[in-house]
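Have a look at the structure below, then the notes.
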Amino acid sequence: MEKPDIVILGAGYGGIMTAVKLQKMLNMNKSTITLVNKYDYHYQTTWLHENAAGTLHHDRTRIPIKDVVNTAKVNFVTDIVVSIKPDKRKVKLQNGELYYDILVIGLGFETATFGIPGLKDNAFMIENINSARLIRDHLEYNFAMYQYEDGKNQGRLNIVVGGGGFTGVEFLGELANRIPELCKEYDVNKSIVRIINIEVESTVLPGFDPQLSEYAMSSLESRGVEFITGATLKECKHDRIIFEKDGKESTIPTYTMVWAAGVRANAILEESGFEHHQGKIEVRPDMRAPDYDDVFAIGDCALIMDRKTNTPYPPTAQIAVQQAETVAHNIKALVKGTDDLDEFQPDLLGTVASLGNSDAIGDVFNNRKLFGLKAVILKKIIDNRYLLKLGGLGLLMRKGKFNIFY
Ligand SMILES: Cc1cc2nc3c(=O)[nH]c(=O)nc-3n(C[C@H](O)[C@H](O)[C@H](O)COP(=O)(O)OP(=O)(O)OC[C@H]3O[C@@H](n4cnc5c(N)ncnc54)[C@H](O)[C@@H]3O)c2cc1C
């Protein structure tokens, strides 16, 4: 290939790691790399629940792209991808158009609302820095309003989290830590604040080891979280939610419904005409799209099967980062004109879910269960390891988590 144009869409875990790897692996006289992202910063999606609860400032979570990407080697464009035309090898941006020889799609996820009435308009989602910051400010606003208004409106102090999966549980843990601070700041009696989780399954963290799920629930309950399991959200209005449990509908007054019960791939994939499964491109083992030898999909945009279990790998940052290694290696092979393409083989270390800053659970290293402090420490190691990998010691020192209880 003669000086191919390599275009990477999205600077999330998968996209930015691909760019960082390629800038080291490729000779810039022999290819051009362009990275496109909506914002001029990369953010760690896995920390957004902390920003949303207000337990960690969002500036800790975002990293200026120019701090990790060498702009002498990678052309960085801040713009919004509107559509992809794979038959013409073109990407339409809000402010222009790009031609590519090789494309990497790393546009991440969107929240799935499953057509539940009112959810899209009235609920909050933990999706990016802007939405997380909005939740933090909205929480504060409602505590302030509770004290300011004449009639005491309980809806201001009821916080409902939809979904008891990984994101929902991690957010509940942060809320449980944040609420006592808010109560102190706004002179609110902690006993009247309600943090309520609504989960359709009979337990939170379905799919996790039951002992870990039980531990998570009792840790959160001991800090005031209420669980309504086996319940389906029917509607979300701006000042209340309606759910159904055991065939009976009930209402909870609330101005704060945070929906954390499902993600899907960025809708651009579907709209651009790629063959997809529930919005994701089911990639070949070398991470390329089925019909296009010049298009790679990565992270939450890619569906790749675990051939041992015949189930898709879950959408995680851990997998997105590992896929970047395969994608970068395979792009190098295409640029060199060889067919030495690697197959993606994840090296899964397990999963650790935080339950606030001082508790966590983990299922790691082939079903070893971790609880409490050990899991808390492991979670920080995972976070810090990513920073080291992305931007070296300098980035780790600037953004790393070193205080165990912070
Ligand atoms: C609160 C929370 C906690 C999580 N915790 C964990 C965890 O502990 N461990 C774990 O492994 N996974 C976790 N996950 C899942 C993990 O964050 C995702 O799987 C991961 O972010 C996927 O990486 P990605 O590169 O595919 O996309 P993302 O990291 O989502 O990045 C997508 C990028 O594309 C950009 N973009 C999107 N649309 C456009 C557009 N139209 N134009 C230009 N740019 C665009 C975005 O700005 C973003 O930079 C968590 C998720 C959430 C929400």
Side-chain angles (χ1 to χ4, degrees), residues 1-47 58-81 89 91 93-108 128-129 287 294-299 301 317-338 342 383-400:
M1 233 183 250
E2 204 180 314
K3 206 161 189 213
D5 284 316
I6 302 159
V7 173
I8 303 168
L9 306 180
Y13 289 94
I16 203 163
M17 198 55 98
T18 305
V20 164
K21 294 208 166 290
L22 285 179
Q23 74 187 8
K24 292 182 194 146
M25 289 162 73
L26 293 182
N27 178 340
M28 291 311 129
N29 297 321
K30 297 203 171 140
S31 55
T32 311
I33 307 171
T34 303
L35 172 67
V36 185
N37 195 54
K38 208 183 253 188
Y39 312 104
D40 62 358
Y41 55 81
H42 160 73
Y43 52 85
Q44 298 191 72
T45 312
T46 59
W47 294 12
H58 53 268
D59 281 340
R60 289 282 307 282
T61 298
R62 61 177 165 183
I63 299 164
I65 286 177
K66 289 180 181 165
D67 284 4
V68 285
V69 166
N70 181 345
T71 48
K73 294 183 170 181
V74 176
N75 172 28
F76 174 59
V77 178
T78 310
D79 208 335
I80 294 176
V81 177
R89 293 184 165 174
V91 176
L93 306 178
Q94 209 165 60
N95 300 299
E97 196 169 59
L98 290 171
Y99 172 85
Y100 65 82
D101 294 298
I102 299 173
L103 183 71
V104 180
I105 309 174
L107 293 170
N128 51 43
I129 294 283
M287 301 300 302
D294 47 9
V295 177
F296 292 85
I298 195 165
C301 288
Q318 185 184 175
I319 286 186
V321 169
Q322 291 185 15
Q323 286 173 341
E325 306 237 357
T326 308
V327 170
H329 172 277
N330 290 349
I331 289 176
K332 189 178 172 191
L334 292 182
V335 171
K336 276 170 68 185
T338 71
D342 275 354
D383 288 343
N384 289 343
R385 189 167 165 261
Y386 171 68
L387 292 170
L388 189 65
K389 214 170 171 177
L390 182 67
L393 205 54
L395 184 64
L396 172 63
M397 296 318 287
R398 284 199 302 286
K399 301 282 181 177

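Quick caveat, the model's predicted, so the values are computed rather than measured.
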State, yes or no, whether a side-chain contact exists between [X] and [Y] at a heavy-atom distance under 4.5 Å.
X: Ile298; Y: Ile8; answer: no
X: Tyr100; Y: Thr34; answer: no
X: Ile6; Y: Val335; answer: yes
X: Thr32; Y: Lys3; answer: yes
X: Leu103; Y: Asp294; answer: no

Could you report the tightest heavy-atom contact between [X] and [Y], atom names first, then the distance?
X: Gly299; Y: Ala320; answer: CA-CB, 3.7 Å
X: Gly14; Y: Ala324; answer: O-CB, 3.7 Å
X: Lys399; Y: Trp47; answer: O-CH2, 3.4 Å
X: Cys301; Y: Gly106; answer: SG-C, 4.3 Å

> Run the side-chain contact (heavy atoms from CB on, under 4.5 Å) check on Ile63 and Leu390 step by step: do they pass?
Replying inline: CA-CA 10 Å; Ile63 299 164; Leu390 182 67; 4.2 Å; yes
> Of Thr326, Asn330, Ile105, which meets side-chain contact (heavy atoms from CB on, under 4.5 Å) against Phe296?
Replying inline: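 Among the candidates, only Asn330 passes.
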Could you pull out all donor-acceptor pairs under 3.5 Å where a side-chain atom in residues 38-46 meets a protein atom, sequence neighbours excluded?
residue, atom, partner, partner atom, Å
His42, ND1, Ala11, O, 2.7
His42, NE2, Tyr386, OH, 2.8
Thr46, OG1, Tyr13, OH, 2.8

Spacing of [X] atom [atom1] and [Y] atom [atom2] [to the nearest 0.5 Å]:
X: Ile80; Y: Asn37; atom1: CD1; atom2: CG; answer: 10.0 Å
X: Asn75; Y: Leu98; atom1: CG; atom2: CG; answer: 8.0 Å
X: Arg62; Y: Ile129; atom1: CZ; atom2: CD1; answer: 6.0 Å
X: Ile102; Y: Ile33; atom1: CD1; atom2: CD1; answer: 10.0 Å
X: Leu387; Y: Met397; atom1: CG; atom2: CE; answer: 11.5 Å

>> I'd like to know if the side chain of Arg60 and the backbone of Gly400 have a donor-acceptor N/O pair within less than 3.5 Å.
In response: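 Yes, the answer is positive, given that a donor and an acceptor are paired below the 3.5 Å cut-off.
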> With sequence neighbours excluded, what pairs up with Asp79 under the side chain to side chain contact (heavy atoms under 4.5 Å, CB included) test?
Replying inline: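 Side chain to side chain contact (heavy atoms under 4.5 Å, CB included) list for Asp79, sorted by chain: Val36, Val77, Leu93, Gln94, Asn95.
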> Asp101: what forms a side chain to side chain contact (heavy atoms under 4.5 Å, CB included) with it, not counting sequence neighbours?
Replying inline: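 Partners of Asp101 under the side chain to side chain contact (heavy atoms under 4.5 Å, CB included) test: Met1, Pro4, Asp5, Arg89, Tyr99.
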>> List the residues meeting side chain to side chain donor-acceptor pair (under 3.5 Å) with Asp67, not counting sequence neighbours, and say none if there are none.
In response: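 So Asp67 forms no side chain to side chain donor-acceptor pair (under 3.5 Å) with any residue.
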> Taking only residues at least two apart or on different chains, which pairs with a member in residues 387-396 satisfy salt bridge (Lys or Arg N to Asp or Glu O under 4.0 Å)?
Replying inline: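 Listed once each, the pairs are Glu325-Lys389.
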Can I get a per-line list of side-chain donor-acceptor pairs under 3.5 Å for residues 19-31, giving both atom names and the distance, sequence neighbours left out?
residue, atom, partner, partner atom, Å
Gln23, OE1, Asn70, N, 2.8
Gln23, NE2, Val68, O, 3.4
Asn27, OD1, Asn29, N, 2.8

